[in-house]
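Contents: one structure, followed by commentary.
Below, chains carry the letters A, B, ... as their sequence lines are ordered, and counting in each starts from 1.
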Amino acid sequence: MNDVIQAVKGTRDYYPEEMAVRRWLYDNIRQVSESFGYQEWEGPFLEKIELYAAKSGEEIVEKQSYVFEDRSGERIALRPELTPTLARLVAKRQPQLVFPLRWWSFGPFWRYERPQKGRGREFFQWNIDLIGDHSPEGDAELAVIAATFLQKIGFKSDEVNILVNNRKLMEQKTEALGIDAEMRPAVYKLIDRRDKLKTADWENYAEEIGLSSTQIDSLMDILENDQLWQESDELRRFFKTVEIFQIKDYINFAPHIIRGLDYYTGTVFEAWDTAGDFRSLFGGGRYDNLVDDVGGKPVPAVGFAAGNLVITLLLEKLGRLPTVGNSPAQVLVTIFDSEHILPSLLLADELRQSGMKIATYPNPVKLAKQFKYADRIGTPLAIVLGPDELASNQVTVKDLRSGDQHNIPRDQFPKAILDLLEGDSAS
RNA sequence: GUGGAUGUAGCUCAACGGCAGAGCGCCGCACUGUGGAUGCGGUGGUUGAGGGUUCGAUUCCCUUCAUCCACCCCA
């Protein structure tokens, strides 16, 4: 075991069981996205470093991206996020695209960080964006999509929560406290930590930033006011819209949600597990300067990104991982002995013509071993085609779940087999 | 980048500084044309790696690597 070469730090191996879960997530993502009229797209995994340098902060690009020089000396990054790529694609064909665009994507991303719970260096992310619309109803659409997805994969509204706020509202409120624009990033960071720090620590932090004690008190009041959204025209329209949807319980106002980085311009939201065991399941919001930095005309947009790792961890903790114990095959055709290999392979191929998933045992070992293999991989049926069967033009079919065994004449194929399989799945 | 915890069989874990073990798994047999149950037998290891202390190290010390957790950061 020592000489097995180790996987790259922070990567995850998807053995068939894990791959089945990822695939299941992808299927749900696709269904939800498409049900709202969104189209799948994909960009390259490699981008020029400038694409990120234009928008993202320097530290992010320098310290948390995989960057390398290609053979021509060009500096290339493994994409750490999708939004700059989205901006690039939109800018490139801006005049001919039909807005609003509804686009979604699911693919791999890389960030050079220290791995820990729910965070790796390679992960998969669902990105979904509504581009070219600036309405609060558009914001609501994205939150509703997110909630629909959470419900679809089995989370209840008391287990996960989409917390919503609005940056313009917070800008107003902090301005009214006499906090000027250049202090705002630090204050937003402070707001973001309201429920991550103990009150005393939070107050100390606030003082360090340079807030007066009256400012701190007022800010704390603001962050405890769950009716604050009433003061925002955008949020009133947002919640009025959300209200009509059946998943409305998943979506709530939360004044401390502000999001890490600067490019959000309006509504922002994050999804959390209510027990607080994990980091956020996803985050997003409105960013009305998309395309700006890559050389196009500004386009309003709203979207979010959801990683696969935290969602999978939470599903696991709640015991909701899908039961994807399906066998790779529905039938194992055994091979009686070295004289009877070809008839078995021929039978298997016949059965495949009717759409069944058929595996054959690769070589004529003892039947007991082949049956054990069938059992281990979970095929419902095993077929034996030996000298007796060939002589009587029959096939022996064993149902591995009931243990029943049938002799089926060849002319009843493949219907008899299909009937057996359907009978099983119905019961 | 900072701090903490943990590395023993394929997996989950034991072993006051004194012969490295158990359960599960795997293989075989009972059952040479039939899996799952049962019984019996067997396979299993450079104790992450390197060094030190000691008569003797899985155990104590140092270094290193890996994993996990927290901080930082979260596009």
Side-chain angles (χ1 to χ4, degrees), chain A residues 1-12 47 51-65 77-87 109-121 123 125 127 189 192-193 196-197 201 258-264 268 270 277-285 287 290 293 303-307 309-310 313 327 332 334-337 339-340 361 364-391 395-407:
Chain A
M1 84 184 199
N2 292 329
D3 30 46
V4 175
I5 293 171
Q6 274 160 345
V8 172
K9 188 189 191 82
T11 60
R12 184 175 165 192
E47 292 279 11
L51 182 67
Y52 305 103
K55 185 180 76 69
S56 317
E58 266 180 39
E59 191 175 317
I60 283 161
V61 179
E62 295 300 323
K63 295 184 70 176
Q64 299 197 329
S65 293
L78 280 170
R79 63 179 188 185
E81 60 162 325
L82 193 62
T83 305
T85 300
L86 175 64
F109 296 87
W110 296 266
R111 292 179 198 171
Y112 194 80
E113 299 179 291
R114 187 92 46 114
Q116 54 187 277
K117 188 166 64 167
R119 193 168 72 182
R121 290 182 171 184
F123 54 93
Q125 214 176 50
N127 282 262
K189 197 169 175 178
D192 185 54
R193 297 199 177 176
K196 291 168 191 160
L197 295 176
D201 294 337
I258 198 87
R259 301 289 298 150
L261 232 60
D262 304 334
Y263 72 72
Y264 291 106
V268 288
E270 290 176 2
D277 291 336
F278 303 98
R279 64 187 66 246
S280 68
L281 280 81
F282 53 74
Y287 49 104
L290 179 75
D293 296 320
F304 66 85
L309 298 178
V310 177
L313 283 174
S327 171
L332 178 79
T334 61
I335 293 193
F336 188 79
D337 61 25
E339 308 286 302
H340 296 81
Y361 204 85
V365 296
K366 306 202 307 188
L367 279 182
K369 191 159 182 175
Q370 300 187 46
F371 271 78
K372 183 164 188 173
Y373 176 76
D375 185 52
R376 295 295 302 273
I377 66 173
T379 65
L381 302 178
I383 289 181
V384 179
L385 188 57
D388 297 349
E389 287 84 357
L390 282 170
V395 156
T396 301
V397 179
K398 181 163 185 177
D399 187 319
L400 291 171
R401 283 178 287 186
S402 61
D404 297 341
Q405 198 154 302
H406 314 271
N407 290 316

Does a side-chain N or O of [X] approach OP1 or OP2 of [N] to a distance below 4.0 Å, or not?
{"X": "A/K9", "N": "B/U67", "value": "yes"}
{"X": "A/Q116", "N": "B/A70", "value": "yes"}
{"X": "A/K372", "N": "B/C27", "value": "yes"}
{"X": "A/R193", "N": "B/C72", "value": "yes"}
{"X": "A/K369", "N": "B/U34", "value": "no"}

- request: Using modelled atom types only, decide if a donor and an acceptor are shared between the side chain of A/T334 and the backbone of A/I383 within a distance under 3.5 Å.
  value: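 Flag set: sc A/T334 to bb A/I383 pair under 3.5 Å.
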
query: Does A/E389 make a side-chain donor-acceptor contact with the base of B/G33, cut-off 3.5 Å?
result: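 Between B/G33 and A/E389, which were checked side chain against base, a qualifying N/O pair under 3.5 Å is present.
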
- prompt: Does a distance-only test, which skips hydrogens and angles, find a donor-acceptor pair under 3.5 Å between the side chain of A/R119 and the base of B/C69?
  reply: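 By the distance-only test, no, there is no pair.
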
query: Taking only residues two or more places apart in sequence or in another chain, which ones pass salt bridge (charged side-chain N to carboxylate O under 4.0 Å, His left out) with A/R121?
result: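 Not a single residue meets the salt bridge (charged side-chain N to carboxylate O under 4.0 Å, His left out) criterion with A/R121.
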
Detail all sub-3.5 Å separations between protein N/O atoms and N/O atoms belonging to nucleotides 2-6 of chain B.
| residue | atom | partner | partner atom | Å |
| --- | --- | --- | --- | --- |
| B/U2 | O4 | A/R114 | NH1 | 2.9 |

query: With Watson-Crick and G-U wobble geometry limited to distances under 3.5 Å, how should the secondary structure of RNA chain B be encoded in dot-bracket form, using | for bases paired to another strand and [ ] for crossing pairs?
result: (((((((..((((....[..)))).(((((.......))))).....(((((..]....))))))))))))....

- prompt: Starting at the 5' end of RNA chain B, which residue's closest nucleotide do you reach first, A/K366 or A/D192?
  reply: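 Looking at RNA chain B, the more 5' nearest nucleotide goes with A/K366.
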
